[in-house]
Amino acid sequence: MYAGPSQKLKPFGESIFSEMTRLAVEHKAINLSQGFPDFDGPDWLKAAAIDAVRHGPNQYAPMTGQPALRQAIARKAERWYGMRYDPDTEISVFSGATEAIFSSINGLLEPGDEVILIEPYYDSYPACVAMAGGHCRYVALRGPSFDLDLAELVATITPRTRLLMLNTPNNPCGKVFSRPELEALARVVTAHDLLVITDEVYEHIVFDGQPHVPLATLPGMRERVLTISSTAKTFSMTGWKIGYVLGPASMVAAARSAHQFVTFCTVSPFQMAMAQAIDRIDDYAPELVREYDRRRQVLMAALQDTGLGVRSPQGAYFVLADIRPLGYDDDRAFCHQLATEVGVAAIPASAFYRHTDIGRHLVRFAFCKNEATLSAAGEKLLKLREKMQPCV
């Protein structure tokens, strides 16, 4: 007899991304909810993949990832951040960053360990901790500047706390942690002997001259930080599902210990293509930022024209809009009405919070779309006031 999801997964239900994308399809709404581009990455990258399919390798990749890709990741880490990682023992490839997060958490945690999550967080984090038998504790970034309260963080740590998750640039709020903020965080981490997983998948999408600083580059952090990144966001090939981790050999080995029993490896020819792409990132990344900055401005202008409150994101490709200026205070009801009555799909930000009251006045819109898509969404959003009644 089918009993449904296990008790540890029942609290999470259906992913909010699946829910809102389904609504978008049903109502033919412009989908600004799920964070995938409606365009492909560069043609030269497709050509590299086609060549790899034609000439191989097309069989299982090594569990740790194709050597060419791991070596390219190592070269990039040294060029960009001055960090040296052994591609054989300190870098590993996964089936996307989400699987890397799952494998890292499950490899590092013992049942009963506590993990600190900084709200807002990517929605897979709590589920991964639950599946590992761990327990989450939460510290909120509070708007409008989304600063981290270090005193609150310290008060959240207990003798059972083993791990802290850090997402920068942050999905959904677009915060990029500055070096002084990271230095203060590093002092807390060191004082309490914590391990850290950093989710840095948007590392190359930062704006207004704000640099991305990996926590692992700070003094004393390299040996306690497992850095996770992804090629999907950088090269607009989310369907290829190629993520990776960098860190001390012991932490990478822990992530590998789970990965070998989850997906074991990811697609071989796409890894070979991405090895070439990463070697070209120095020339590619500046244009990526310029293109996304234009899209950011288009979406922000559209949201501002509706009367929504908007804060410019420092990084990633999402904008959080405050729905209160229009008289709304329930993000989920707002998003359902927005999709069904206005024809634009977005994500209620409370999905990224354990303490949902903090985020229930915020809605996330994605601008990883063609400018024509964003302009069309803007035209629909102008009808927001006349089509929607406040859901208070």
Side-chain angles (χ1 to χ4, degrees), residues 35-37 39-81 83-104 106-107 124 197-205 214 226-247 249 251-285 288:
F36 62 83
F39 52 87
D40 283 344
D43 287 341
W44 55 261
L45 181 50
K46 293 181 186 179
I50 292 168
D51 185 67
V53 169
R54 285 176 175 158
H55 300 103
N58 286 297
Q59 306 309 319
Y60 291 132
M63 184 271 288
T64 58
Q66 290 288 355
L69 178 55
R70 287 184 277 115
Q71 291 159 10
I73 293 167
R75 289 191 293 270
K76 182 216 141 183
E78 185 166 5
R79 287 198 316 275
W80 278 72
Y81 306 121
M83 298 291 289
R84 291 187 176 182
Y85 290 97
D86 184 330
D88 292 329
T89 61
E90 296 184 315
I91 296 173
S92 214
V93 178
F94 293 78
S95 293
T98 300
E99 194 252 321
I101 291 165
F102 174 88
S103 295
S104 298
N106 278 267
S124 79
I197 296 176
T198 62
D199 178 351
E200 302 181 16
V201 298
Y202 298 100
E203 61 179 307
H204 294 296
I205 305 175
L226 191 65
T227 302
I228 295 176
S229 194
S230 169
T231 61
K233 307 304 187 294
T234 301
F235 294 103
S236 303
M237 295 295 197
T238 59
W240 289 16
K241 296 297 291 179
I242 299 175
Y244 56 89
V245 305
L246 310 92
M251 294 182 74
V252 171
R256 288 174 174 177
S257 70
H259 168 67
Q260 66 184 332
F261 298 116
V262 182
T263 63
F264 183 79
C265 64
T266 194
V267 61
S268 291
F270 291 168
Q271 288 193 53
M272 301 304 291
M274 279 303 181
Q276 295 184 42
I278 288 175
D279 276 337
R280 295 178 61 167
I281 200 167
D282 299 46
D283 296 326
Y284 173 83
L288 175 77

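This one's a predicted model, so the numbers in the text were calculated from it and none came from an experiment.
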Quiz item: Does Met274 reach the side chain of Tyr244, with side-chain heavy atoms less than 4.5 Å apart?
Solution: no
Quiz item: Should Arg79 and Asp279 be marked as a side chain to side chain contact (heavy atoms under 4.5 Å, CB included) after you check the CA-CA gap, both sets of side-chain angles, and the distance that decides it?
Solution: CA-CA 10 Å; Arg79 287 198 316 275; Asp279 276 337; 4.3 Å; yes
Quiz item: Are Met83 and Leu246 close enough, and set up right, to give a side chain to side chain contact (heavy atoms under 4.5 Å, CB included), and what steps lead you there?
Solution: CA-CA 10 Å; Met83 298 291 289; Leu246 310 92; over 6 Å; no
Practice problem: Enter the distance from Phe36:CZ to Ser236:OG here, rounded to the nearest 0.5 Å. | Solution: 12.5 Å
Exercise. Compare every heavy atom of Ala258 with every heavy atom of Gly107, then report the nearest pair and how far apart it is.
Key: N-CB, 4.2 Å
Practice problem: For the pair His259 (side chain) and Met63 (backbone), establish whether a donor and an acceptor sit closer than 3.5 Å, ignoring hydrogens and angles. | Solution: yes
Quiz item: So do Thr238 and Pro37 actually touch side chain to side chain, heavy atoms under 4.5 Å?
Solution: yes
Practice problem: Give me the ring orientation class for Trp240 and Phe270: parallel if the planes are under 30° apart, tilted from 30 to 60°, perpendicular past 60°. | Solution: parallel
Practice problem: Answer with yes or no after comparing the ring centroid distance for Phe235 and Tyr284 against a 6.0 Å cut-off, counting only values under it. | Solution: yes
Quiz item: In Å and rounded to the nearest 0.5 Å, what is the NZ to CD1 distance from Lys76 to Ile281?
Solution: 5.0 Å
Quiz item: Hey, what do you get for OG1 (Thr227) to OH (Tyr85), rounding to the nearest 0.5 Å?
Solution: 4.5 Å
Exercise. Check whether any side-chain heavy atom of Arg280 sits under 4.5 Å from a side-chain heavy atom of Trp44, and report yes or no.
Key: yes
Exercise. Indicate yes or no for a side-chain donor-acceptor contact from Gln271 to the backbone of Gln66 under 3.5 Å, with no hydrogens or angles considered.
Key: yes
Quiz item: Any sub-3.5 Å donor-acceptor pair from Arg70's side-chain atoms to Ile91's backbone N or O?
Solution: no
Exercise. Would you mind reporting whether Leu45 and Met237 have side-chain heavy atoms less than 4.5 Å apart?
Key: yes
Quiz item: Ala285 and His204: which non-hydrogen atoms are nearest, and at how many Å?
Solution: CB-ND1, 4.4 Å
Quiz item: Thr231 side chain to Ile242 main-chain N or O, any donor-acceptor pair under 3.5 Å?
Solution: yes
Quiz item: How far apart are the closest heavy atoms of Ser104 and Ala100, and which atoms are they?
Solution: OG-O, 2.7 Å
Quiz item: CD1/Ile278 to CG/Leu69 distance, rounded to the nearest 0.5 angstrom?
Solution: 5.0 Å
Exercise. Decide yes or no for Thr89 and Val252: does some side-chain heavy atom of the first lie under 4.5 Å from some side-chain heavy atom of the second?
Key: no
Quiz item: Side chains of Arg256 and Thr64: does their closest heavy-atom pair fall under 4.5 Å?
Solution: yes
Practice problem: Over all heavy atoms of both residues, which pair between Pro57 and Pro269 is shortest? Give the atoms and the distance, please. | Solution: O-CD, 3.3 Å
Self-check item: Closest non-hydrogen atom pair, Asp40 against Lys46
Solution: OD2-NZ, 3.1 Å
Quiz item: Quick one: CE on Met272 to NE2 on His55, what's the gap to the nearest 0.5 Å?
Solution: 12.5 Å
Quiz item: Side-chain contact, heavy-atom cut-off 4.5 Å: Lys241 with Val267?
Solution: no
Quiz item: Quick one: does Ser268's side chain get under 4.5 Å of Tyr60's, heavy atoms only?
Solution: no
Exercise. Quick one: pull up CD1 in Ile197 and CG in Asp199 and give me the separation to the nearest 0.5 Å.
Key: 9.5 Å
